[in-house]
Protein chains: 2
Amino acid sequence: MTSLAEENYLKAIYALNLGDSSASTNAIAERLETKASSVTDMLKRLNEKKLVNYLKYRPATLTEKGQAIAIDVIRKHRLWEYFLVEKLKFGWDEVHEIAEQLEHIQSPALINRLDEFLNAPKFDPHGDPIPNREGKITERHNQVLANLSVDEFAFIVGVKEHSNSFLQYLDAMQLVLGTKIKLINRFDYDQSAVIELVDSKKEITISNEVSENLYIKTT
Amino acid sequence: MTSLAEENYLKAIYALNLGDSSASTNAIAERLETKASSVTDMLKRLNEKKLVNYLKYRPATLTEKGQAIAIDVIRKHRLWEYFLVEKLKFGWDEVHEIAEQLEHIQSPALINRLDEFLNAPKFDPHGDPIPNREGKITERHNQVLANLSVDEFAFIVGVKEHSNSFLQYLDAMQLVLGTKIKLINRFDYDQSAVIELVDSKKEITISNEVSENLYIKTT
DNA sequence: TAAATGATTTAGGTAGACCTAAATATAATG
DNA sequence: CATTATATTTAGGTCTACCTAAATCATTTA
Ligand SMILES: [Mn+2]
Ligand SMILES: [Mn+2]
Ligand SMILES: [Mn+2]
Ligand SMILES: [Mn+2]
């Protein structure tokens with residue numbers, strides 16, 4: 001019913017709107033690494049299929065149907081990522097590309113059984129919430145480590161950046177999901193921060209960029 | 001590198017040649033439920049890519065490269081089927097369509113890890129051999145139940161027919177893989193046979209068509 | 001071996017999903 | 001408000017993978 005390409009467009013529009021950006025032709029093109037003219041093409045077709053609301057020169061939005069499909073694809077993506085990490089022992093930096101393919105497999109039965117097999121996980125390996133069977137997502141608007149005050153404790157619960165290099169950096173620093181940390185100090189100069197890994201009692205220094213890209217939950 | 005459509009053509013040619021039929025344009029078209037003219041089109045392109053050997057008006061054969069891809073796709077298909085049945089608890093009559101999609105996911109790492117996760121199974125849920133990492137298949141040329149003699153014992157090890165209706169019939173009759181049977185009698189009239197399910201000591205009567213489509217291994 | 005039949009290819013299209021270059025609309029700026 | 005600059009669309013292609021109808025080849029069959 002909906003092609004792989006169409007699903008990727010719906011996902012892109014969904015993601016842009018979530019991030020409070022408007023799904024302009026150019027923004028979509030950049031996300032999908034394609035050209036603006038191709039996007040215009042596709043928006044017309046998706047509008048025809050009543051999956052997006054599109055008027056010339058205006059940013060696109062998803063219809064109910066379009067959004068339901070986008071969320072379903074995201075559900076599949078995140079469930080597969082969870083499977084790859086938990087069952088097949090992939091690293092969290094290795095699963096996104098594979099999930100980009102698996103998310104387009106069409107079989108509701110497959111996804112429901114996979115969900116059961118995995119015990120209906122709530123979060124994917126990057127801390128992103130997995131939509132449930134009915135398409136409900138509880139989008140956490142977590143704080144970011146940059147907002148934590150000195151001497152406060154927190155758990156690392158997710159990443160804002162998803163690049164492999166960031167994930168690999170976090171692995172190297174032992175800043176994995178679930179880690180309990182305490183903010184020891186933050187330097188005025190460049191906002192770099194000294195944090196303690198509570199369990200291992202190790203202290204490490206991280207840049208502001210890192211602090212901005214780690215989601216935390218205060219204790 | 002190779003598209004979903006290309007992979008399906010390679011698989012079709014491989015299967016035809018295995019079954020000692022020649023991969024003629026029409027035979028391929030029938031298997032793939034497409035038109036002969038479309039097949040000609042594709043054969044030209046696959047020939048260009050050196051995946052098949054093709055000369056006008058002649059049946060196609062696979063090159064080494066083409067065969068390697070075909071076998072890899074079959075490996076993926078059968079591993080996924082095994083996963084679906086063993087881990088996700090699908091019935092053997094429910095997995096083929098889903099595996100038709102999953103077999104095209106491109107990621108050698110994924111398949112190797114899946115294989116490990118499943119403990120490198122040798123046979124899929126229908127008794128078909130799973131090619132190993134190096135692309136080696138030990139094609140069993142099993143006997144079929146129709147060749148069993150009266151009073152002989154055997155195990156059911158595979159199905160020749162893969163249709164859902166046949167698989168569902170076998171489920172209903174409790175003729176699942178691994179079942180030990182004894183041939184009690186075969187009627188001259190229509191070759192229908194009376195067999196005993198050794199473990200449950202039940203006797204059932206099956207048609208010649210069924211006998212021709214069940215692979216067995218004599219004890 | 002000529003005609004008929006069936007298999008295969010060619011010719012000419014379509015739809016999806018891209019692309020570049022050119023035209024046009026919108027937004028920003030002096 | 002007129003002029004740039006930027007965003008977006010249109011025009012015109014390409015490539016893949018299909019299709020129908022017509023032409024051609026190959027194999028039977030008379
Ligand atoms: Mn991902
Ligand atoms: Mn993720
Ligand atoms: Mn199958
Ligand atoms: Mn099978």
Side-chain angles (χ1 to χ4, degrees), chain A residues 1-13 16-17 19-62 65-66 69-70 73 100-101 103-106, chain B residues 1-13 16-17 19-62 65-66 69-70 73 100-101 103-106:
Chain A
M1 221 15 312
T2 53
S3 70
L4 185 148
E6 289 170 338
E7 289 186 347
N8 284 336
Y9 275 86
L10 296 176
K11 248 200 330 171
I13 297 166
L16 285 166
N17 286 337
D20 301 313
S21 349
S22 71
S24 69
T25 302
N26 264 357
I28 297 170
E30 192 176 0
R31 255 192 113 76
L32 297 180
E33 294 181 275
T34 184
K35 295 300 154 79
S37 55
S38 306
V39 174
T40 303
D41 251 31
M42 181 62 99
L43 288 179
K44 285 177 185 167
R45 264 176 285 138
L46 291 173
N47 182 66
E48 207 55 50
K49 288 192 168 191
K50 300 202 185 303
L51 296 175
V52 310
N53 307 115
Y54 168 64
L55 292 171
K56 271 184 174 198
Y57 296 103
R58 319 250 42 178
T61 59
L62 295 176
K65 258 177 70 184
I69 293 170
V73 174
E100 283 292 308
Q101 295 182 61
E103 72 187 4
H104 301 291
I105 302 289
Q106 314 269 187
Chain B
M1 212 34 294
T2 52
S3 71
L4 186 147
E6 288 170 338
E7 290 185 347
N8 284 337
Y9 275 86
L10 297 177
K11 247 200 331 170
I13 297 167
L16 284 166
N17 285 339
D20 301 311
S21 349
S22 71
S24 69
T25 304
N26 264 357
I28 297 170
E30 192 176 1
R31 255 191 113 77
L32 297 180
E33 294 181 275
T34 184
K35 294 302 155 78
S37 56
S38 305
V39 175
T40 302
D41 251 30
M42 182 61 100
L43 288 179
K44 286 178 186 167
R45 265 176 285 139
L46 290 174
N47 182 66
E48 207 55 49
K49 288 193 170 190
K50 301 204 186 300
L51 297 175
V52 310
N53 307 114
Y54 168 64
L55 292 171
K56 269 184 174 198
Y57 297 105
R58 317 248 44 171
T61 59
L62 295 177
K65 260 178 68 184
I69 293 170
V73 174
E100 282 292 307
Q101 296 182 62
E103 72 186 5
H104 301 292
I105 301 290
Q106 313 270 185

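Throughout, a chain's letter reflects where its sequence line sits, starting with A, and its residues are numbered from 1. Computed from a predicted model, the values in this text were never measured in an experiment.
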Taking 4.0 Å as the cut-off, does a side-chain nitrogen or oxygen of A/Arg45 come that near to OP1 or OP2 on C/dA17? yes

Applying a 4.0 Å non-hydrogen cut-off, can you work out what B/Ala36 is touching in the nucleic acid: base, sugar-phosphate, or nothing? base

Side-chain contact test, heavy atoms from C-beta onward, threshold under 4.5 Å: evaluate it for A/Leu62 versus A/Ile69 and give yes or no. no

Hey, which of B/Val39, B/Asn47, B/Thr40, B/Asp41 is the one that makes side chain to side chain contact (heavy atoms under 4.5 Å, CB included) with B/Leu43? B/Val39

How about NZ on B/Lys50, more than 12 heavy atoms from neighbouring residues, nucleotides or ligands closer than 6.0 Å, or not? no

Could you check how far CG of A/Asn26 sits from C1' of D/dT6, rounded to whole Å? 9 Å

Base of C/dT20, side chain of A/Ser37 - is there a donor-acceptor contact under 3.5 Å? yes

Without decimals, in angstroms, what is the distance between A/Leu4 CG and C/dG16 P? 15 Å

Round to the nearest Å and state the distance from A/Tyr54 atom OH to D/dA7 atom P. 16 Å

Nearest whole Å is fine: how far is C/dT10 C1' from B/Lys44 NZ? 7 Å

Distance, rounded to the nearest Å, where B/Leu51 contributes CG and D/dT16 contributes P: 13 Å

Here the distance between atom P of D/dA7 and atom CZ of A/Arg58, to the nearest Å, is 16 Å

Is it the case that atom CD in B/Gln106 sees more than 12 heavy atoms from other parts of the structure closer than 6.0 Å? yes

Do the side-chain N or O atoms of B/Thr34 get closer than 4.0 angstrom to the phosphate oxygens (OP1, OP2) of D/dA17? no

Nearest-Å distance for atom pair OH/P, residues A/Tyr57 and D/dT10: 6 Å

Starting from the 5' end of DNA chain D, give me the residue, B/Lys35 or B/Met42, whose nearest nucleotide shows up first. B/Met42

Working for side chain to side chain contact (heavy atoms under 4.5 Å, CB included), residues A/Leu32 and A/Tyr9: CA-CA 8 Å; A/Leu32 297 180; A/Tyr9 275 86; 3.6 Å; yes

What contact category does B/Thr25 fall into here, base, sugar-phosphate, or nothing, at under 4.0 angstrom with non-hydrogen atoms? sugar-phosphate

Nearest whole angstrom, please: distance from the P of D/dT16 to the CD of B/Glu48. 11 Å

Is there a side-chain polar atom (N or O) of B/Ser38 under 4.0 Å from OP1 or OP2 of D/dC18? no

